[in-house]
Amino acid sequence: MNAARHAGERLMTWPGLSGGRAYCGTDPCVRTDTQEIVHFHGENEADVHLTNAMIAKLRPALKRSTALRLRAGCGWVTVRLDTGADIDLLATLVSAALQAVAGLPGDDGTGVVSDPCTRQRAYAHTR
């Protein structure tokens, strides 16, 4: 089993999270009722919607990890999923992301988040 699938299956057991297709057109995503929280790019990479505010709060710790990639001005963090520890890190970031998006307004039903993924959008999200 690839790391992204393993991570996704683990997250899908969490209360309040469900699966779907990511708005940016990638492989599957994990989401709340109103927000994409994480979506996967291939077998070994995930983007987590931490929000700009949460990234600013956690920046010193995030910058120390070699498994993470931050993009300037973007509320998404990319996690390279090479080891079990990386999947654990992803789970920790998803917990932080859930806290961060709890105060955000709901989307319009299309899966569009206020801070969309910086990767190319292929098609709109459908549940």
Side-chain angles (χ1 to χ4, degrees):
M1 178 181 301
N2 69 50
R5 185 178 323 145
H6 177 71
E9 288 175 358
R10 178 176 166 183
L11 293 170
M12 295 283 282
T13 65
W14 292 20
L17 294 181
S18 61
R21 174 93 33 212
Y23 179 72
C24 65
T26 65
D27 292 325
C29 78
V30 176
R31 57 180 292 115
T32 66
D33 285 340
T34 60
Q35 296 283 328
E36 279 185 30
I37 299 298
V38 61
H39 54 248
F40 301 94
H41 294 280
E43 295 182 358
N44 295 92
E45 201 169 76
D47 287 339
V48 182
H49 185 219
L50 281 176
T51 73
N52 286 317
M54 184 62 79
I55 290 171
K57 180 178 178 180
L58 300 176
R59 184 172 302 280
L62 297 174
K63 289 179 80 173
R64 286 193 296 266
S65 175
T66 59
L68 300 178
R69 184 173 65 234
L70 306 173
R71 290 186 220 83
C74 180
W76 293 82
V77 172
T78 300
V79 183
R80 181 78 184 155
L81 303 171
D82 289 326
T83 68
D86 296 336
I87 295 173
D88 292 342
L89 173 61
L90 174 66
T92 299
L93 293 176
V94 168
S95 291
L98 289 170
Q99 291 175 24
V101 302
L104 296 177
D107 66 27
D108 61 5
T110 64
V112 179
V113 295
S114 58
D115 182 25
C117 175
T118 59
R119 301 189 194 209
Q120 183 64 36
R121 176 180 170 233
Y123 50 84
H125 170 82
T126 57
R127 283 190 183 183

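- For the pair Arg69/Arg80, no side-chain contact is recorded, criterion being any heavy-atom separation below 4.5 Å from C-beta on.
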Q.
Set out, in order, the CA-CA distance, both residues' side-chain angles and the distance that settles side chain to side chain donor-acceptor pair (under 3.5 Å) for Glu36 and His39, then state yes or no.
A. CA-CA 7 Å; Glu36 279 185 30; His39 54 248; 3.0 Å; yes

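- Atom CH2 of Trp76 and atom CG of Leu70 lie 14.5 Å apart (nearest 0.5 Å).
- For the residue pair Met54 and Ala96, the shortest heavy atom distance occurs at CE-O, 3.4 Å.
- Asn44 pairs by the side chain to side chain donor-acceptor pair (under 3.5 Å) definition with nothing, not counting sequence neighbours.
- Look at Asp47 and Arg71 and you find a salt bridge, because one of the NZ, NE, NH1 or NH2 atoms lies within 4.0 Å of a carboxylate O, short of that distance.
- Contact record, Ala46 with Leu81: CB-CD1, 4.1 Å, taken as the closest heavy-atom pair.
- When all heavy atoms are compared, the tightest approach of Trp14 to Ala91 is CH2-O, 3.3 Å.
- Scored by the side chain to side chain donor-acceptor pair (under 3.5 Å) test, Thr83 finds Asp86 as partners (sequence neighbours excluded).
- Nearest approach of Arg5 to Asn2, heavy atoms of both residues: N-OD1, 2.6 Å.
- Here the side chains of Arg10 and Asp88 are in contact, with some heavy-atom distance below 4.5 Å.
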Verdict with supporting geometry, Arg31 and Ser18, side chain to side chain contact (heavy atoms under 4.5 Å, CB included): CA-CA 5 Å; Arg31 57 180 292 115; Ser18 61; 3.9 Å; yes

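- In terms of modelled atom types and a separation under 3.5 Å, the side chain of Ser65 and the main chain of Ala61 share no donor-acceptor contact.
- Taking 4.5 Å as the limit, some side-chain heavy atom of Leu98 sits within range of a side-chain heavy atom of Leu17.
- The two residues Ala97 and Val48 have their closest heavy-atom pair at CB-CG1, 3.8 Å.
- Contact of the Leu90 side chain with the Leu11 side chain is registered, since non-hydrogen atoms from C-beta on lie closer than 4.5 Å.
- Annotation for Ala3 and Ile87: closest pair O-CD1, 3.9 Å, computed over non-hydrogen atoms.
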Please test Ile55 against Lys57 for side chain to side chain contact (heavy atoms under 4.5 Å, CB included), starting from the C-alpha separation and ending with a verdict. CA-CA 5 Å; Ile55 290 171; Lys57 180 178 178 180; over 6 Å; no

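- Under the side chain to side chain contact (heavy atoms under 4.5 Å, CB included) test applied with Val94, the options Ile37, Leu89, Val79 reduce to a single match, Ile37.
- For the pairing with Val38, the side chain to side chain contact (heavy atoms under 4.5 Å, CB included) check across Leu93, Val30, Leu50 returns one residue only, Val30.
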